[in-house]
Each structure stands twice: as structure tokens, then as C-alpha cells.
There are 4 protein chains.
Amino acid sequence: MVNTLLEFRRARDWEQFHTVRNVATALSVEAAELLEHFVWSSDEQASHILEEHRAAITAEVADIAILLAYLTHDLSIDLQAVVSEKITANERKYPLEKSYGSNKKYTDLRRLLNLLQTD
Amino acid sequence: MVNTLLEFRRARDWEQFHTVRNVATALSVEAAELLEHFVWSSDEQASHILEEHRAAITAEVADIAILLAYLTHDLSIDLQAVVSEKITANERKYPLEKSYGSNKKYTDLRRLLNLLQTD
Amino acid sequence: MVNTLLEFRRARDWEQFHTVRNVATALSVEAAELLEHFVWSSDEQASHILEEHRAAITAEVADIAILLAYLTHDLSIDLQAVVSEKITANERKYPLEKSYGSNKKYTDLRRLLNLLQTD
Amino acid sequence: MVNTLLEFRRARDWEQFHTVRNVATALSVEAAELLEHFVWSSDEQASHILEEHRAAITAEVADIAILLAYLTHDLSIDLQAVVSEKITANERKYPLEKSYGSNKKYTDLRRLLNLLQTD
């Protein structure tokens, strides 16, 4: 799959446009296009939207996956390895006894960081 | 890898927070955190930033990959298949003779759509 | 207010970093920081978060307003005028009888555009 | 202007869709639509795009301003006051002698925060 993507890009001489910054920008834009499907809905409506927009939502997910594949390739990232490390880090950060059934700790850490940032 | 992620989530009873809408929101937020590294830089500075921030940038890419993995699982998407379809669609949309060395057509299509949208 | 912002920027010789592209990128990043507060919450939790994070949320809104002020200035946009035009356009796009109590039409237009885009 | 926006919303019974979370999501999506204009361009191309897309870019800025106006109203934020506070805070955070002609300090603070976050 990655080879096909690289060949697609090479054949069009598009490597020149694929700076990491530009691919990161595109990824952010595609993520927003995914999010846009849910933009004015309540939690309850969101699940209906999911069904009605399934084809378009799936296409957005494909776009994100493609950009992530370029990014991972261009940065020579071993995705398997860094995701494993991240999971290990998250296990320390969210120990079972403190995080079971709660989205609180995460929120609190963010809040602390936000306070630091907005200081 | 996906199994470890699913187990991580199940063990914390976090499936309740992982609606598709919430995961899509998180993905958008993580994509912005990646982009943030390049926010005030010129093209030239961007490549230096890439080197200086490599560890943090790699960690953001891992976060995005994790959220994409959850999304793909929760939507029962066959990523291999939809990316293949997308590549085929993109080959039609960007024929070699019109798109070689140019980011123009893409931009023009967007422009048309933007005009429609802002009508 | 705008004058203070312009003076702040001029005094630091930061105009060179404030290309429209960079300010637009920063605005996108700040909007994500605002959104981040609600990232894993349900509709119900969102209103509690609103109270608990009020100071940080207000600070994010200020950041967005500052970037919008720079953007408006740098693009010589008459904000009052373009917002008026936009409201007029939206009144045509969402006539009362079709849009009362419904977020549907909007969604449907988007869907059509998404289908075109993902074609 | 704000009154016209509030009346537009009230007339359509759209207050129910305008939770702070939803407006923040919409703002994030609109910011991405603005950013999208510059997505694959170099710094040099960005200024041409600015001219060619001026009408659409202006319309995106109007959308962002409208959402910011709703947000500010709904959160009862005194924008003038919070922006003033923010400028004062930024003057402390970026003293002239350390920040003149440099986007470094900002980047370094972010880096530190990112390291904390990705720990």
C-alpha cells in the first residue's frame, strides 16, 4: 500500500509539495472534514449521522490514513515501535485504579497544562 | 497492536467515551498538536524544527495512529480496501498529464467547491 | 485594541512571522486548543466542563480573537461588511420555513459537497 | 451585528444546536477551511493564493468571526477585557529584549509543554 502511494506521488512529481509541514497541514484539514459531519449534532444524533454519512466518513478516514502513511514514511518512523512505546507510556500515565471508568485524570492534566500555557 | 489498544481501552472501561464523534474530535486535536510545531516558521525553518522537535513530532504521529486505529476498528473499516479505492479515485481525479509537477488542479477544485459553499 | 496588538507585534519585529498562512495555521491550532476541553465528554459532561474550565476556555477565546484581529487587519477586511453579507447569504441559504428547528439542510448540503469531493 | 446574529439564530430555533461544544467544533472546522487554501503551497505560492482566493478566504474569515461572536455572547465574555489581559500576559511572557525578531522562546515553551505532555 505504501509503495503504491509513493509511486502515485513520484509519478506526479509531487514530492516537492509534500514537506512534513504541508502533509501535517493536510492531515489537520482532513481531520476537520471528518469532524464536520458531527458539527451541529447532539450525542444522540451523532449515531444517526454515522449511518447516513457512512460512505463519506469512510472516505475521510482513508484520506487521513493516506496522509499518515506519507508522514510515517517521510519521517522514517517505525510506527509499530512508537505506538508500542506510547501504549507503555499511557499505561503509566493512566493506571487502572485511577482511570477506570473515568475521563477525569486526562482532563485534569490538560487543565494544569492549559493553566501553565495561559499563564 | 490493535488488540493491545482495544485491551487498554476495555481495561479502563473507556469504550463509553470513545464515540466516533469523540475519537474524531480527539484526532482533530492531535493533528493540530502536530501542526503546532510548525506554526510560526517559514518553509526554511520548518526543516530545522523537524530535527529539533523530532521526538515530540514522532509522539504526535503515534497519537494520531492510535486514534486512527480505534476509528477504523469502531467503524469496521477495511483500511487496506478503502485506501486502495481512494488511490484509484485519485488516479482518475489527477491524471498524470494534467497533474505532473502541479498542485493546481487540486486547488482549483477546492476553489470551485468553496465558491459553491460560500454562495 | 487592534492598535495595541499591532504595536505589540511591531515592537518585537514579528511581522515577518505573521504571514496570512502562519496566522491561519495558528488560528486552527488555537481553535483545537479550545475544542480540546470537550474532547472526551458527553453532551451532559460538556456543560460541567464549561464551568470548571471557564478561565482556560476564556483565555482560548481571547487567543482566537487576537489572531482574527491580525488576520482581519492584514487582509484589509471590513469585518462588519463581510459579516453582514454573510448573514444575508445565510438568510437565503437557510429560509425560515425550511430551517426552523432543523440542522438538516446544512448537513445535506455538506453531504452533497462531500460526495462531490470524494468522488 | 451581534443582535442580527442572535436574531438569525432565534428565528430558526437553532439555539438548541449551539452548545458551546458545538460552536467550538464549528470554529475548528471553519479554521481548517481557511487553512485549506494554503495546504500544499510553499511560502512563495501562499501569497499568490492569497490574491487568487481572496473572496473565498474573506468569506471564511467572516464565518470564523460569526462563530466567535456567538461563543463570546454565549459565554458572557467581555472580549475587550480578556484580550487586554492576554496582551498584558503576553508582554510578560515575551519581553522585548528576549523576543525581538525571534520566534524561538515561544517554540521552546511549547516544546517543554509538549515534552511534559508526551511524557
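Within every chain, numbering begins at 1; the chains are lettered A, B, ... in the order of the sequence lines, protein sequences first and strands thereafter. Predicted model only: the values in this text are computed from it and were never measured.
B/Glu91 touches chain A through backbone and side chain together, each having a heavy atom under 4.5 Å away. For chain A, the nearby parts of B/Gln80 are the backbone and the side chain; heavy atoms of each come within less than 4.5 Å. At a 4.5 Å heavy-atom cutoff, B/Asn22 makes no contact with chain A through either its backbone or its side chain. Interface remark: B/Leu96 contributes backbone and side-chain atoms alike to the contact with chain A (heavy atom separation under 4.5 Å). Contacts of A/Ile57 with chain B are made by side-chain atoms alone, with heavy-atom separations under 4.5 Å and no backbone atom involved. Neither the backbone nor the side chain of A/Ser84 comes within contact range of chain B, judged by heavy atoms closer than 4.5 Å.
By the neighbour-count criterion of 12 heavy atoms within 6.0 Å, atom CD of A/Glu51 is densely surrounded, having more than that number from other residues, nucleotides or ligands.
Comparing B/Leu34, B/Ile64, B/Thr58 by how many heavy-atom pairs each has under 4.5 Å with chain A, the most go to B/Thr58. Between chain A and the options B/Ala11, B/Ser47, B/Ala46, heavy-atom pairs under 4.5 Å are most frequent for B/Ala11. When the candidates B/Ala69, B/Ala81, B/Ser41, B/Ala32 are compared by the number of heavy-atom contacts under 4.5 Å with chain A, B/Ser41 comes out ahead.
Scanning all heavy atoms of the two residues, the minimum distance from B/Val83 to A/Ala65 falls at CG2-CB, 4.1 Å. When every heavy atom of B/Arg12 is checked against every heavy atom of A/Ser99, the shortest pair comes out as CG-OG, 3.4 Å. Taking every heavy atom of both residues into account, A/Ser28 and B/Ala31 meet most closely at CA-CB, 3.8 Å. In terms of heavy atoms, A/Ala24 sits closest to B/Leu35 at C-CD1, 4.1 Å.
In this structure a side-chain-to-backbone donor-acceptor pair under 3.5 Å is present from B/Arg54 to A/Leu75. Using modelled atom types, no side-chain atom of B/Arg21 and backbone atom of A/Leu50 make a donor-acceptor pair closer than 3.5 Å.
When side chains are defined from C-beta on, A/Phe38 does not count as touching B/Thr25, because their heavy atoms never get closer than 4.5 Å.
Rounded to the nearest 0.5 angstrom, B/Ile87 CD1 and A/Phe8 CZ are separated by 8.0 Å. The line from CD of B/Glu60 to CG of A/Leu71 is 11.0 Å long, rounded to the nearest 0.5 Å.
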